[in-house]
Amino acid sequence: MSDYLVKAIDKTKNLRLLTISAKDVVSEAQKRHDTWSASSAVLGRTMLGSLLLSGALLKNDSELTVRLLGNGPVGATIVTTTSDLKVKGYIQNPHIALPPKADGHINVGKAVGQGWLQVTKDMGLKEPYTGQVPIVSGEIAEDFTYYLAKSEQIPSAVGLSVFVNPNNTIGAAGGFMLQALPGASDELLSKVEKKIKELPHLSTLMLDGVTPEELAKKILGEDCKILDKEPVAFECDCSKEKYAEILATLKPKQLKEMIEEDHGAELTCQFCEDKYHYSEDELKEILKKQKED
Ligand code: ZN
């Protein structure tokens, strides 16, 4: 298992930490959407943050959708994760690469721009709940931190990193989400925050092959307790049947055009780029069912 999330707690039981390594997940998204460096970093960091948030907040059979709606060149980014840590993602403009920042890192903030970070939690009951905060830096980790503070009232520290190789493949991807539990003292918090600042850059650690367990120990100390280890994976829940249901919502005129003029239809899933083809006969079947309903 190379991609997984770990949950840990510090010795005093006042700090909860989630760490993740997900190079394969981000690589899968990179390949499927053919993302360039800035788009890879935005989509990858949003996927990592969403997985960590799911690990922190979700209970059984629920899901969470994060929408990063900035005015920067990458456009909208939408990521959905489930309580069993499956993730799928969409980015409006996959082909964005920007000059690096002075420190050599990808200019993620510029790629995202200003706007809103929305988090919708669908717990399978009543209406889904959506919380929204303004994008503070567009670097995404800070934006998740701000969301946790404002919308969930959880003081936290978040780090997210995606390293993109010069040939656009993903070199490393990982991160952490630290949460202060109600009993955490300011002293304990500043101690661990200082520790985080003193660590090498997250992408350096991930490129060195640091595991989620090791990252947890670096942040919380060797005496922390690892509570849980769960696999994470890129997985889209789309299917030919699901898209047939969407076709069935079209006006009969549109379906007839597809049959008579295009002699079929092909739909591409925005989250995974899988393509579904519908023959003339299959479209006629959808049209026939529409009339029966
Ligand atoms: Zn799909």
Side-chain angles (χ1 to χ4, degrees), residues 1-5 20 22-55 58 60-70 74-96 112 117-124 128 130 140 160 162 164 168-170 173 230-250 254-255 258 262 264-279 282-283 285-286 289:
M1 175 161 58
S2 61
D3 278 11
Y4 60 96
L5 179 146
I20 187 171
K23 182 186 157 186
D24 291 350
V25 164
V26 178
S27 297
E28 185 73 25
Q30 190 278 325
K31 277 185 243 159
R32 284 177 177 265
H33 295 290
D34 185 33
T35 49
W36 296 359
S37 59
S39 301
S40 299
V42 173
L43 180 59
R45 285 191 197 177
T46 309
M47 290 172 88
L48 293 168
S50 302
L51 284 165
L52 288 163
L53 201 58
S54 290
L58 293 186
N60 295 340
D61 297 326
S62 51
E63 64 176 43
L64 183 148
T65 296
V66 171
R67 291 180 184 84
L68 189 64
L69 307 171
V74 298
T77 304
I78 304 172
V79 170
T80 296
T81 50
T82 60
S83 47
D84 58 351
L85 304 180
K86 303 286 189 288
V87 62
K88 62 178 184 180
Y90 159 81
I91 188 156
Q92 196 174 355
N93 300 311
H95 292 165
I96 303 297
V112 170
L117 173 73
Q118 290 177 350
V119 178
T120 301
K121 282 183 285 179
D122 188 347
M123 309 302 228
T130 298
I140 304 176
L160 305 169
V162 172
V164 183
N168 273 339
T169 58
I170 304 300
E230 294 174 50
V232 300
F234 184 101
E235 197 178 293
C236 189
D237 54 354
C238 66
S239 64
K240 190 165 175 180
E241 291 72 27
K242 254 193 177 179
Y243 278 101
E245 285 170 21
I246 293 172
L247 283 172
T249 65
L250 294 177
Q254 287 173 291
L255 282 168
M258 286 176 175
D262 307 329
E266 188 176 76
L267 297 186
T268 304
C269 175
Q270 289 194 315
F271 284 100
C272 70
E273 303 286 337
D274 276 356
K275 289 178 174 38
Y276 296 102
H277 182 78
Y278 299 85
S279 66
E282 284 168 325
L283 291 174
E285 194 60 34
I286 292 169
K289 268 199 200 139

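In this text the structure is predicted, and so the values were computed from the model without any measurement. Indexing begins at 1, ligand by ligand and atom by atom, following the structure's order.
Partner of Lys88 under the side chain to side chain contact (heavy atoms under 4.5 Å, CB included) criterion, chosen from Ile78, Val25, Asp237: Asp237.
Annotation: protein N, O or S atoms under 2.8 Å of the Zn ion (ligand 1) (waters excluded) comprise Cys236 SG, Cys238 SG, Cys269 SG, Cys272 SG.
Using a 3.5 Å distance cut-off with no hydrogens or angles, the side chains of Thr130 and Arg67 do not pair a donor with an acceptor.
When the side-chain hydrogen bond (donor to acceptor under 3.5 Å, both in side chains) test is applied to Thr82, the partners found at least two apart in sequence or on another chain are Asp84. Annotation: side-chain contact (heavy atoms from CB on, under 4.5 Å) contacts of Lys240 (sequence neighbours excluded): Tyr276, Tyr278, Glu282. Scored by the salt bridge (charged side-chain N to carboxylate O under 4.0 Å, His left out) test, Lys23 finds no partners at all (sequence neighbours excluded).
Within a 6.0 Å radius of CG in Asp262, more than 12 heavy atoms belonging to other residues, nucleotides or ligands are found.
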